[in-house]
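Have a look at the structure below before the remarks.
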2 protein chains.
Amino acid sequence: MSENVVQRLRDEIENGIISNDFAPGARLDEVQLATRFGVSRTPVREALMQLNAIGLIEIRPRRGAVVIDPGPHRIFEMFEVMAELEGLAGSLAARRFTDADRTTILAAHADCERSSSAGNSDAYYYDNERFHKAIYAASHSGFLAEQCVALHRRLQPYRRLQLRVRNRVATSFAEHGAIVEAILAGDAEQARTLLRQHVSIQGERFSDLVATLASR
Amino acid sequence: MSENVVQRLRDEIENGIISNDFAPGARLDEVQLATRFGVSRTPVREALMQLNAIGLIEIRPRRGAVVIDPGPHRIFEMFEVMAELEGLAGSLAARRFTDADRTTILAAHADCERSSSAGNSDAYYYDNERFHKAIYAASHSGFLAEQCVALHRRLQPYRRLQLRVRNRVATSFAEHGAIVEAILAGDAEQARTLLRQHVSIQGERFSDLVATLASR
DNA sequence: GTCAATGCTCTTGCATACAAGATTTATCGT
DNA sequence: ACGATAAATCTTGTATGCAAGAGCATTGAC
């Protein structure tokens, strides 16, 4: 329970940003956060410095911290990179997966099927996350997995918006099927291509995102 | 000159780590750093929190901060991701480069030629960095460019070791030539493939890296 | 002589205090 | 009445102080 205070604050504030409790552009007042969490300003500042280093907030000298607002264009760029990393994870997974990896992937895929056919988009959201994390793990690249998890986390709110689009859940699940097939067949290039397409938000999916962002 | 103290400390310590002044595994004593830079412990701690968030150091509760030592395997993983990101940057650059981008890339390439044929591997190191940054910029993806620069920076010490290997500078420059050609020809897939190969450290280049690391 | 236990010291973690810049409000002048 | 300037207040940035835990040394026992 010692250093955990800063770590706890970091997670709490980060979650607050991701769950949109702290909206983009919002000011993060140090004393306010300190009293809210029942600590002094020091650990709050240390947590904010970490979020600043990650790129979630911006600290303007003498003017406080604000939640960064990545415009639609930058969000698109982030998905572009995410697609590339997922593609790499998929291709590595196809070459390196073990029996345990196969089991985990198939289990997550089965859960996705359940929540998808039940039409439960919230449940699908979590099962989808497990599915993708199973692929990261199967890539057997710790660094890649970390990068993917971090980016996935940052894109969480927008991913969530996307699933609200009509039929997106069903489409997503269908794509998962092909991805699983490619990976388990050991087809690295096919897995890479499919995952890249699955993750990237080209064409009308980008328009949908912009529209949903604007209406928020 | 206000918040810049923390930022300055962050950069100084980060540079110290990258230039191996603070070797992997070294303890970073707060008071020691504070007196060394003529400040109090508070900004030092805040800088350390940032480096911790980036993943350059590890802060063990009540036991201080140590420089992270990524073993050879993890370094390989980092190069693997770097290769993928550079490949993406190259493919985007091939599709999006402007006249100004072409000029910058060619200028950096010309500088590389100078330092390469002069056999000056230190100079080549810097020109090489400019060359790669020119490609990031030409990708016209701000987020991708940031990610590339950050990873490039973290891999700096190992990249530097690599250039010491016999003929690596000449080989590197030759690869640059083909990359420039592919990008300026607008051949996105070729640019991606060449850059990926250029950056990744497969086969004997990995052995060289491990050997050089061990002898350090 | 060696191992273990206890106490001391040193470092970290958090809080508070103080200083400096930014913002807001109030007052004065036109 | 509106705008500008100055003062007051609020917030951030840095230093210092205090408490608690981890490491180290010394001493005692077997």
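Being a predicted model, the structure only gives us computed values, none of them experimental. In what follows, every chain begins at residue 1, and chains take the letters A, B, ... in the order their sequences are listed. Computed from heavy atoms alone, side chains included, the values below leave out hydrogens, waters and symmetry copies.
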> Where the side chain of A:Arg45 is concerned, which of C:dA15, D:dG13, D:dA15 is the nearest nucleotide?
Replying inline: D:dG13

> More 5' along DNA chain C: A:Ser40 or B:Ala65, using each one's nearest nucleotide?
Replying inline: B:Ala65

Please list each protein N or O that sits under 3.5 Å from an N or O in nucleotides 7-11 of chain C, with the distance.
from: C:dT11; atom 1: O3'; to: B:Arg27; atom 2: NH2; distance (Å): 3.4

> How close or far is atom C1' of C:dC14 from atom CD of A:Gln7, stated in whole angstroms?
Replying inline: 15 Å

> A:Gln32 has an atom CD; how far is it from atom P of D:dC10, in whole Å?
Replying inline: 14 Å

>> Distance check needed: C:dC14 P versus A:Phe37 CZ, whole Å only.
In response: 14 Å

> CG of A:Asn4 versus C1' of C:dT12: gap in Å, rounded?
Replying inline: 14 Å

>> Rounded to whole Å, please give me the gap between CZ in A:Arg10 and P in C:dC14.
In response: 15 Å

>> Quick test of your reading of the model: are B:Arg102 and B:Asp99 salt-bridged, counting only N-O distances below 4.0 Å?
In response: yes

> Just how far, in rounded Å, is C1' of D:dG13 from CG of A:Asn52?
Replying inline: 14 Å

> Under 6.0 Å from the CZ atom of B:Arg36, do we count more than 12 heavy atoms belonging to anything else shown?
Replying inline: no

> Hey, does B:Arg192 have a side-chain heavy atom less than 4.5 Å from the side chain of B:Arg196?
Replying inline: yes

> B:Glu46 CD to D:dT12 C1': how many Å, rounded?
Replying inline: 10 Å

>> Using a strict threshold of under 4.0 Å (side-chain N to carboxylate O), is an ion pair present between A:Asp208 and A:Arg205?
In response: no

>> Less than 4.0 angstrom from a charged side-chain N to a carboxylate O is my criterion; do B:Arg160 and B:Glu129 meet it?
In response: no

> Could you go step by step and tell me if A:His140 and A:Phe97 meet the ring-ring contact (aromatic ring centres under 6.0 Å, His included) rule?
Replying inline: CA-CA 8 Å; A:His140 288 272; A:Phe97 74 91; 9.3 Å; no

> How many Å lie between CZ on B:Arg41 and C1' on D:dG13, as a whole number?
Replying inline: 16 Å

